[in-house]
Protein chains: 2
Amino acid sequence: MLRCAIPVTQGTSEPADVAWETVVTIANSSTEERQDSAGSAAQRDRRKRILDATYELAKEGGFDAVQMRAVAEQADVALGTLYRYFPSKIHLLVSALDREFEDAQDKLKVREIPGDTPGDRVLYVLKRLTRGMQGDPKLTEALTRAFMFADASVANEIHAVGMSMTSIVTHAMHGTAADSEAITDDDVVLARVIGDVWLSALMAWVTGRSTAPETAQHMETAVRLILR
Amino acid sequence: MLRCAIPVTQGTSEPADVAWETVVTIANSSTEERQDSAGSAAQRDRRKRILDATYELAKEGGFDAVQMRAVAEQADVALGTLYRYFPSKIHLLVSALDREFEDAQDKLKVREIPGDTPGDRVLYVLKRLTRGMQGDPKLTEALTRAFMFADASVANEIHAVGMSMTSIVTHAMHGTAADSEAITDDDVVLARVIGDVWLSALMAWVTGRSTAPETAQHMETAVRLILR
DNA sequence: CCCATAATAGGAACACGTTCTACGTCTGGA
DNA sequence: TCCAGACGTAGAACGTGTTCCTATTATGGG
């Protein structure tokens with residue numbers, strides 16, 4: 001159904017079977033020129049323009065407004081080029097989500113996270129992220145729904161997002177900004193469960209099944225429960 | 001975007017703001033002629049034929065194979081009629097998922113659930129459900145992805161599925177087959193968190209990010225953690 | 001500098017979800 | 001019984017994701 005022969009800088013190209021434990025190590029490989037280092041300057045620029053256009057359109061009009069022809073036009077590339085860089089609309093949006101998460105991760109890594117217990121710190125971070133996403137409902141709707149809709153062909157990109165998410169949570173659990181912390185496998189397990197809950201809560205909010213306060217409440221309860 | 005003026009038997013037509021607590025009461029309203037009681041016999045029959053066709057196509061070829069023209073043809077109704085009953089492909093698939101869940105719920109309600117602790121019983125039920133779904137990968141992929149992709153217009157159907165899921169878990173927590181059990185708000189909270197994890201695990205499996213054993217393991221860990 | 005090759009532009013073509021139109025058919029109340 | 005209006009059929013038409021084709025332009029090795 002998809003040909004998936006992307007010859008160019010693909011945001012994420014880890015083998016699909018990376019174990020979740022690698023989250024820790026990979027997350028600690030610091031910020032330095034991440035994946036998008038490959039390819040010529042022009043290619044990196046095109047990739048950036050495309051993701052920027054995606055971001056703008058999603059922010060304005062949500063999932064439906066991110067139309068491939070519109071993205072191509074706004075990024076000033078041909079439709080075929082867009083598809084060369086991102087083999088489907090879902091790949092495109094999940095890659096955009098990935099970029100957002102990397103950014104968030106970088107910002108969170110800079111300073112100490114406030115809070116006395118792991119639960120406090122995790123909730124601080126999650127609520128901050130959630131508030132940020134709820135401030136851009138259309139954008140969040142677009143990125144979340146793409147993430148949810150993704151099928152197996154997007155496994156790599158989704159995996160990258162999952163890694164970022166887990167890394168953010170484990171980092172919050174420990175609180176310190178230091179890199180090579182002693183993050184145990186148990187921590188990763190806890191972080192994954194918290195990530196699961198967060199995703200579901202986000203989905204409930206996106207689909208209008210729960211309000212923002214309800215979402216926050218549900219997350220609070222769940223995190224307290226899991227990190228008790 | 002969607003006109004959503006379904007004049008006929010809609011599987012789920014609760015107001016969208018039913019609180020999650022109603023899960024308990026509604027779940028206890030026993031099996032007797034559920035929603036699909038409205039409408040003429042011919043209408044009920046058409047609705048059933050459509051859902052059957054959806055089920056078959058999904059089972060054979062997954063989400064992509066559930067094409068509206070194909071469903072209409074196999075159900076022996078006109079395309080317009082299909083859209084009269086289900087205003088979109090997503091509504092259709094989520095309704096099919098709902099029917100599956102109702103069936104599962106009915107089956108589980110019949111007999112006592114084995115296991116000494118709530119954790120054991122919940123895991124028994126979840127693993128049973130999961131194994132069932134993994135036995136029909138295409139079907140599961142179709143239903144799960146539709147559920148995930150749904151937007152606000154499908155809130156009612158999604159809500160119904162969430163209620164079934166929560167009801168199944170709370171029922172398993174208590175173990176007894178009795179109906180009006182003393183299910184507390186806390187139980188519902190626990191059940192929701194477990195449901196969240198289950199959904200995420202299912203999604204990871206559907207997208208090929210985790211294998212069946214990994215999925216089972218993750219669920220086991222999470223449930224032990226939550227019901228410890 | 002020149003050529004082979006890859007990358008891009010531009011846009012037609014196709015597939016499938018969705019909507020719309022025109023017409024036949026069933027049903028329930030006067 | 002008969003009629004009005006809802007329901008159903010058949011299929012055209014439209015929008016958007018995706019694929020494909022051809023000509024043009026960069027790029028990098030000799």
Side-chain angles (χ1 to χ4, degrees), chain A residues 1-10 38-50 53-54 57-58 61-95 142 145-146 149-151 153-154, chain B residues 1-10 38-50 53-54 57-58 61-95 142 145-146 149-151 153-154:
Chain A
M1 178 132 274
L2 285 172
R3 271 204 304 131
C4 249
I6 325 105
V8 99
T9 320
Q10 197 54 21
S40 73
Q43 284 173 339
R44 254 177 291 128
D45 186 54
R46 273 203 183 80
R47 185 183 158 86
K48 178 175 184 317
R49 287 209 312 273
I50 292 173
T54 305
L57 289 167
F63 187 89
D64 291 333
V66 181
Q67 301 187 355
M68 299 306 268
R69 291 174 179 84
V71 172
E73 185 176 4
Q74 181 152 337
D76 201 37
V77 298
L79 190 56
T81 306
L82 173 53
Y83 273 95
R84 173 184 290 273
Y85 280 75
F86 300 95
S88 79
K89 173 170 175 171
I90 301 296
H91 285 80
L92 174 60
L93 281 165
V94 176
S95 297
R145 284 182 64 207
F149 188 57
D151 68 356
S153 74
V154 205
Chain B
M1 175 133 278
L2 285 171
R3 271 204 303 132
C4 250
I6 324 107
V8 98
T9 321
Q10 198 53 21
S40 73
Q43 285 173 340
R44 255 176 290 127
D45 186 53
R46 275 202 183 81
R47 184 182 158 85
K48 178 175 184 314
R49 287 209 312 274
I50 292 173
T54 305
L57 288 168
F63 187 88
D64 291 333
V66 181
Q67 301 185 356
M68 299 306 269
R69 291 174 178 86
V71 172
E73 185 176 6
Q74 182 153 338
D76 202 36
V77 298
L79 190 56
T81 306
L82 172 53
Y83 273 94
R84 172 184 291 274
Y85 281 74
F86 300 95
S88 80
K89 174 170 173 172
I90 301 296
H91 284 81
L92 174 60
L93 282 165
V94 176
S95 297
R145 284 182 64 206
F149 188 57
D151 68 357
S153 74
V154 204

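In what follows, every chain begins at residue 1, and chains take the letters A, B, ... in the order their sequences are listed.
Rounded to whole Å, the distance from CZ on A:Arg84 to P on D:dT19 is 13 Å. Rounding to whole angstrom units, CZ of residue B:Phe86 and P of C:dT19 are separated by 16 Å. Summarising the geometry, the separation between CZ on A:Arg46 and C1' on C:dA7 is reported as 8 Å, rounded to the nearest angstrom. Across the protein-nucleic acid pair, B:Leu82 atom CG and C:dT19 atom C1' stand 13 Å apart, rounded to whole Å. Distance CG (A:Asp45) to P (D:dA26): 14 Å, rounded to an integer number of Å. In this structure, A:Lys89 places its NZ atom 15 Å from P of C:dG17, rounding to the nearest Å. Separating the CD atom of B:Gln67 from the P atom of C:dT18 is a distance of 12 Å, rounded to the nearest angstrom. Atoms CZ (A:Arg145) and P (D:dG17) sit 12 Å apart, rounded to a whole Å.
For the pair A:Tyr85/A:Gln43, a side-chain contact is recorded, criterion being any heavy-atom separation below 4.5 Å from C-beta on.
At the phosphate of C:dC20, neither OP1 nor OP2 sits under 4.0 Å from any side-chain N or O atom of B:Tyr83. Within the structure, a side-chain polar atom (N or O) of A:Tyr85 is placed less than 4.0 Å from OP1 or OP2 of C:dT8.
Across the interface with DNA chain C, nearest-nucleotide mapping of B:Gly80 and B:Met68 shows B:Met68 to be the residue nearer the 5′ end. Of the two residues contacting DNA chain C, namely B:Ala42 and B:Ile90, the nearest-nucleotide position lying further toward the 5' end is that of B:Ile90.
Among the nucleotides D:dC7, C:dG17, C:dA7, the one closest to the side chain of B:Gln43 is D:dC7. If you check D:dT19, D:dG8, C:dT18 against the side chain of A:Leu79, the one that comes closest is D:dT19.
For the pair A:Lys89 and A:Phe149, the cation-pi test (distance below 6.0 Å, angle within 45°) is failed.
B:Tyr83 contributes atom OH, which lies 9.0 Å from atom CG of B:Leu92 (distance to the nearest 0.5 angstrom). Once rounded to the nearest 0.5 Å, the distance linking CG of B:Asp64 with CZ of B:Arg145 reads 6.0 Å. Atom CZ in A:Arg49 sits 5.5 Å away from atom CG in A:Asp76 (nearest 0.5 Å).
In terms of polar N and O atoms assigned as donor or acceptor, the side chain of B:Arg69 comes within less than 3.5 Å of the base of C:dG17 in a complementary pairing.
Using a 4.0 Å heavy-atom criterion, one finds that A:Val71 contacts no nucleic acid atom at all.
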